[in-house]
Peer 1: 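Just passing along the structure, written as structure tokens.
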Amino acid sequence: IGTPSDGTVTAAKIGSGAVTDAKLASTLNLSGKTVTYGLASGDMPAGTVLQVATAVGTSEVSWTGTNIYLGIQASFTPTSATSKIFAMATIQCATSGTGRIEFYFKHNTTSGDNSGTKVGDMYVAQNASASTTALMSATVSTYFTSGTTSPLYVKLCTDKHDGGTGYINKVGSGTNITIMEIAV
């Protein structure tokens with residue numbers, strides 16, 4: 001048969017399973033290439049971070065009442081409906097007078113409102129003699145199953161308990177959310 005000329009062997013001429021890992025170089029230079037296999041939750045080892053999204057809110061927001069969307073959300077499209085989503089927010093906050101502020105996340109496929117499933121929960125409190133510039137910090141984190149392969153929005157929401165007004169970003173740095181998709 002002879003030796004084929006350089007560049008004449010096509011993919012159709014290579015037998016299925018003929019190229020094994022033993023035939024590949026020990027290192028591969030994939031710069032400039034896009035790797036598509038292994039991005040789905042089931043293709044990666046459990047615990048692998050598949051993707052990350054962040055959002056930062058720097059505007060001062062004040063509110064009274066409950067079920068308030070704070071205008072900060074992070075989003076991505078999960079690769080699997082069974083992936084776990086880890087969500088974390090760091091919040092700089094204050095309250096007028098005595099009162100508790102409850103922070104939590106809501107998630108669903110709708111952007112920019114207070115709809116969705118409530119997950120995570122964290123309370124901060126301030127006594128009556130503190131001023132609204134007496135800053136508190138809060139961190140809320142949770143994980144949940146994505147339940148979708150549509151765009152997922154994770155929104156920071158709050159309730160102001162015991163009267164008064166709640167504030168975020170009143171003085172200093174902003175409030176941020178980070179979400180991560182974790183392979184299961």
Side-chain angles (χ1 to χ4, degrees), residues 41 46-184:
S41 182
T48 301
V49 175
L50 300 175
Q51 57 183 321
V52 177
T54 60
V56 177
T58 56
S59 299
E60 179 182 324
V61 178
S62 63
W63 72 95
T64 59
T66 60
N67 197 25
I68 307 296
Y69 166 58
L70 290 171
I72 308 167
Q73 67 183 13
S75 68
F76 52 59
T77 301
T79 59
S80 170
T82 60
S83 292
K84 293 294 185 186
I85 306 300
F86 176 75
M88 180 177 66
T90 55
I91 307 155
Q92 176 252 42
C93 57
T95 181
S96 64
T98 301
R100 295 173 295 141
I101 304 172
E102 176 185 8
F103 293 104
Y104 51 89
F105 298 107
K106 286 197 170 180
H107 67 89
N108 63 8
T109 57
T110 304
S111 175
D113 65 15
N114 62 354
S115 66
T117 303
K118 180 180 176 180
V119 291
D121 209 352
M122 196 284 176
Y123 284 87
V124 293
Q126 185 164 285
N127 68 36
S129 62
S131 74
T132 59
T133 57
L135 300 180
M136 301 177 287
S137 61
T139 300
V140 60
S141 62
T142 190
Y143 73 95
F144 56 92
T145 302
S146 69
T148 187
T149 56
S150 297
L152 176 71
Y153 298 92
V154 179
K155 304 167 262 192
L156 184 61
C157 294
T158 187
D159 293 346
K160 178 65 177 87
H161 298 283
D162 310 320
T165 302
Y167 301 90
I168 62 168
N169 306 329
K170 187 147 182 81
V171 177
S173 62
T175 295
N176 66 68
I177 298 175
T178 300
I179 60 172
M180 295 180 229
E181 181 180 14
I182 311 294
V184 292

Peer 1: Considering non-hydrogen atoms only, spot the tightest contact between G112 and K155 and give its length.
Peer 2: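 So the two residues come closest at N-CD, 4.3 Å.
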Peer 1: Does I91 offer a backbone N or O that forms a donor-acceptor pair with the side chain of S137 under 3.5 Å?
Peer 2: no
Peer 1: For the side chain of S146 and the backbone of A81, is there at least one donor-acceptor N/O pair under 3.5 Å apart?
Peer 2: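 Between the backbone of A81 and the side chain of S146 there is a qualifying donor-acceptor contact (under 3.5 Å).
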Peer 1: Got a second to check how far H107's NE2 is from T148's OG1, nearest 0.5 Å?
Peer 2: 10.5 Å
Peer 1: I168 versus F103: any side-chain heavy-atom pair under 4.5 Å?
Peer 2: yes
Peer 1: Please report the closest heavy-atom contact between I101 and C93, naming both atoms and the distance.
Peer 2: CD1-CB, 4.5 Å
Peer 1: Between N176, T175, T139, which is the residue that forms a side chain to side chain donor-acceptor pair (under 3.5 Å) with T90?
Peer 2: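 Testing T90 for a side chain to side chain donor-acceptor pair (under 3.5 Å) against N176, T175, T139 leaves exactly one candidate, N176.
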Peer 1: Nearest heavy-atom pair of Y104 and G120: which atoms, and what distance?
Peer 2: CB-O, 3.1 Å
Peer 1: Ion pair present between D113 and K106, side-chain N to carboxylate O less than 4.0 angstrom?
Peer 2: no
Peer 1: Check A94 against M136 and note the closest heavy-atom contact, atom names and distance.
Peer 2: CA-CE, 4.0 Å
Peer 1: Name each donor-acceptor pair under 3.5 Å that joins a side chain in residues 48-57 to protein atoms two or more places apart or in another chain, with its distance.
Peer 2:
{"residue": "T48", "atom": "OG1", "partner": "P45", "partner atom": "O", "Å": "2.7"}
{"residue": "Q51", "atom": "NE2", "partner": "T77", "partner atom": "O", "Å": "2.8"}
{"residue": "Q51", "atom": "NE2", "partner": "E181", "partner atom": "OE1", "Å": "2.7"}

Peer 1: Less than 4.5 Å apart, side chain to side chain, heavy atoms only: is that true for R100 and T95?
Peer 2: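 No, too far: nothing below the 4.5 Å cut-off.
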Peer 1: Provide the full list of salt bridge (Lys or Arg N to Asp or Glu O under 4.0 Å) pairs with a residue in residues 68-78, sequence neighbours left out, each pair given once.
Peer 2: none
Peer 1: Which atom pair, heavy atoms only, marks the closest approach of S59 to N169?
Peer 2: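 Between these two residues, the closest heavy atoms are O-ND2, 3.0 Å.
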Peer 1: Cation-pi check for Y143 against K84: NZ or CZ below 6.0 Å from the six-membered ring centre and within 45 degrees of the axis, yes or no?
Peer 2: no
Peer 1: Roughly how far, to the nearest 0.5 Å, is CG of L70 from OG1 of T158?
Peer 2: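 The CG atom of L70 is 5.5 Å from OG1 of T158, to the nearest 0.5 Å.
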Peer 1: Considering only residues two or more places apart or on different chains, which pairs with a residue in residues 54-85 satisfy ring pair (Phe, Tyr, Trp, His ring centres under 6.0 Å)?
Peer 2: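 Found none.
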Peer 1: Closest heavy-atom contact between L152 and F144?
Peer 2: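 The answer is CD2-CE1, 4.2 Å.
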Peer 1: With heavy-atom distances below 4.5 Å as the criterion, would you say the side chains of F105 and I179 are in contact?
Peer 2: no
Peer 1: If we ignore hydrogens and angles and just use 3.5 Å, is the side chain of D159 paired with the main-chain N or O of E102 as donor and acceptor?
Peer 2: no
Peer 1: From S115 OG over to N108 CG, what is the distance, rounded to the nearest 0.5 angstrom?
Peer 2: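 Between atom OG of S115 and atom CG of N108 there are 4.0 Å.
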Peer 1: Any side-chain heavy atom of S111 within less than 4.5 Å of one from Q73?
Peer 2: yes
Peer 1: Quick one: pull up OG in S141 and CG in D121 and give me the separation to the nearest 0.5 Å.
Peer 2: 11.5 Å
Peer 1: Between the main-chain N or O of G166 and the side-chain N or O of S62, is there a donor-acceptor pair closer than 3.5 Å?
Peer 2: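 Pair absent, no side-chain N/O of S62 close to backbone of G166.
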Peer 1: Measure from the side-chain N and O atoms of K160 to the backbone N and O of I68, and report whether any donor-acceptor pair falls under 3.5 Å.
Peer 2: no
